[in-house]
Amino acid sequence: LLGGLKNNLIQSAKVSNSKEKLKNQLKSQKNKKELSAQIQRKYDNSTIANTSNSMNDENGPLLTPQPNTQTIEMLIDEFKNAGLPIKYNYIGEIVEDNTTLGLTIYRIIQESLTNILRYAPFSPEVKVDINRFKGGMTITIKNKAGASTSLMKGSGKGIIGMRERVAIFDGYVQAGP
């Protein structure tokens with residue numbers, strides 16, 4: 001009888017410990033969801049059409065620098081903070097000082113990560129690979145399927161915008177599950 005009671009106490013301690021762990025996980029997920037929503041709103045408001053990148057203060061409009069390849073790591077860090085487990089890899093030469101190309105690369109990564117955050121927020125792994133080679137480059141963004149969430153259909157405008165951006169450089173976009 002004492003042996004059975006001891007086992008019950010250990011099991012109940014494990015259950016309450018698991019409940020506390022689950023409560024902490026749910027709280028962490030709630031914080032990540034809130035941060036995720038903030039990032040989505042931020043990037044929804046800086047859509048592909050918004051290339052002026054201007055803000056206002058009491059003296060009128062201020063111009064801020066356009067995002068480029070040098071700011072990609074900051075962008076990735078923001079999405080990591082929102083809960084995406086991103087592995088980033090850049091191979092090859094640095095992109096020359098071409099603002100249009102730098103902005104295109106940045107916006108493609110931004111749109112892709114926003115889509116993953118919106119439609120596959122529980123992906124256990126996200127990879128962002130940039131391979132720069134003589135005469136071109138590839139940007140590959142992949143995520144592994146995570147826990148299922150309710151299926152949402154997007155407008156497709158983000159992918160259309162990415163295709164339009166890379167068409168300027170005779171490039172193409174492949175997107176899909």
Side-chain angles (χ1 to χ4, degrees), residues 21-53 55 64-92 95 99-132 136-177:
K21 195 182 259 186
L22 181 60
K23 208 187 314 184
N24 289 338
Q25 286 175 340
L26 290 173
K27 185 177 178 183
S28 175
Q29 283 180 347
K30 182 180 177 191
N31 291 342
K32 285 182 181 177
K33 282 183 182 179
E34 289 170 3
L35 185 58
S36 167
Q38 288 174 358
I39 288 176
Q40 284 181 25
R41 280 192 302 275
K42 176 182 176 182
Y43 291 122
D44 283 346
N45 292 333
S46 66
T47 59
I48 291 172
N50 180 12
T51 56
S52 66
N53 220 28
M55 300 181 341
T64 58
Q66 291 288 345
N68 57 34
T69 54
Q70 281 70 41
T71 55
I72 288 172
E73 287 186 26
M74 289 188 298
L75 174 71
I76 287 173
D77 285 343
E78 283 187 59
F79 281 95
K80 280 182 178 180
N81 290 335
L84 288 183
I86 301 171
K87 294 180 182 176
Y88 173 59
N89 189 29
Y90 189 103
I91 299 171
V95 174
T99 55
T100 305
L101 179 60
L103 181 61
T104 297
I105 295 165
Y106 183 93
R107 292 290 191 222
I108 288 169
I109 294 169
Q110 179 185 41
E111 179 63 31
S112 299
L113 293 177
T114 300
N115 285 345
I116 292 169
L117 194 59
R118 181 176 292 136
Y119 302 114
F122 302 111
S123 295
E125 181 178 271
V126 178
K127 289 184 179 180
V128 176
D129 295 314
I130 300 175
N131 186 3
R132 177 88 165 123
M137 72 183 327
T138 58
I139 303 168
T140 306
I141 297 145
K142 290 183 177 183
N143 66 298
K144 288 189 177 180
S148 173
T149 58
S150 59
L151 206 52
M152 292 174 36
K153 183 172 168 83
S155 67
K157 290 179 184 175
I159 293 173
I160 291 168
M162 287 191 285
R163 287 191 171 122
E164 290 172 351
R165 283 184 178 275
V166 300
I168 295 169
F169 299 99
D170 294 326
Y172 63 94
V173 171
Q174 276 184 271

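Interatomic distance, CD1 of Ile109 versus CD of Glu73, reported as 10.5 Å (0.5 Å rounding). Summarising the geometry, atom CD1 belonging to Ile168 is positioned 10.0 Å from atom CG belonging to Leu101; distances are rounded to the nearest 0.5 Å. Atom CD1 of Ile139 sits about 10.0 Å away from atom CZ of Arg132, to the nearest 0.5 Å.
Residues that satisfy the side-chain contact (heavy atoms from CB on, under 4.5 Å) test with Thr100, not counting sequence neighbours, are Asn98, Thr104, Phe169.
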Side-chain donor-acceptor distances from residues 82-92 under 3.5 Å, at least two apart:
residue, atom, partner, partner atom, Å
Lys87, NZ, Glu125, OE1, 3.2
Tyr90, OH, Glu93, O, 2.9
Tyr90, OH, Val95, N, 3.4

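When side chains are defined from C-beta on, Ile141 counts as touching Ile116, because their heavy atoms get closer than 4.5 Å. Looking at Leu113 and Val128, their side chains come closer than 4.5 Å, going by heavy atoms from C-beta outward. Under the 4.5 Å side-chain criterion, counting only non-hydrogen atoms from C-beta, Ile130 is not in contact with Thr138. With a 4.5 Å cut-off on side-chain heavy atoms, Gln110 and Pro67 do not count as touching.
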Ile76 and Met74: side chain to side chain contact (heavy atoms under 4.5 Å, CB included), yes or no, with the steps?
CA-CA 5 Å; Ile76 287 173; Met74 289 188 298; over 6 Å; no
Before giving the answer on side chain to side chain contact (heavy atoms under 4.5 Å, CB included), spell out for Asp129 and Lys142 the whole-Å C-alpha distance, their side-chain angles and the decisive distance to 0.1 Å.
CA-CA 9 Å; Asp129 295 314; Lys142 290 183 177 183; over 6 Å; no
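Between Ile108 and Met162, the shortest heavy-atom contact is O-SD, 3.7 Å. Residues Pro124 and Ala145 share a closest heavy-atom pair of CD-O, 3.4 Å.
Listed by first and then second residue, the side chain to side chain donor-acceptor pair (under 3.5 Å) pairs that reach into residues 167-176 come to none, sequence neighbours excluded.
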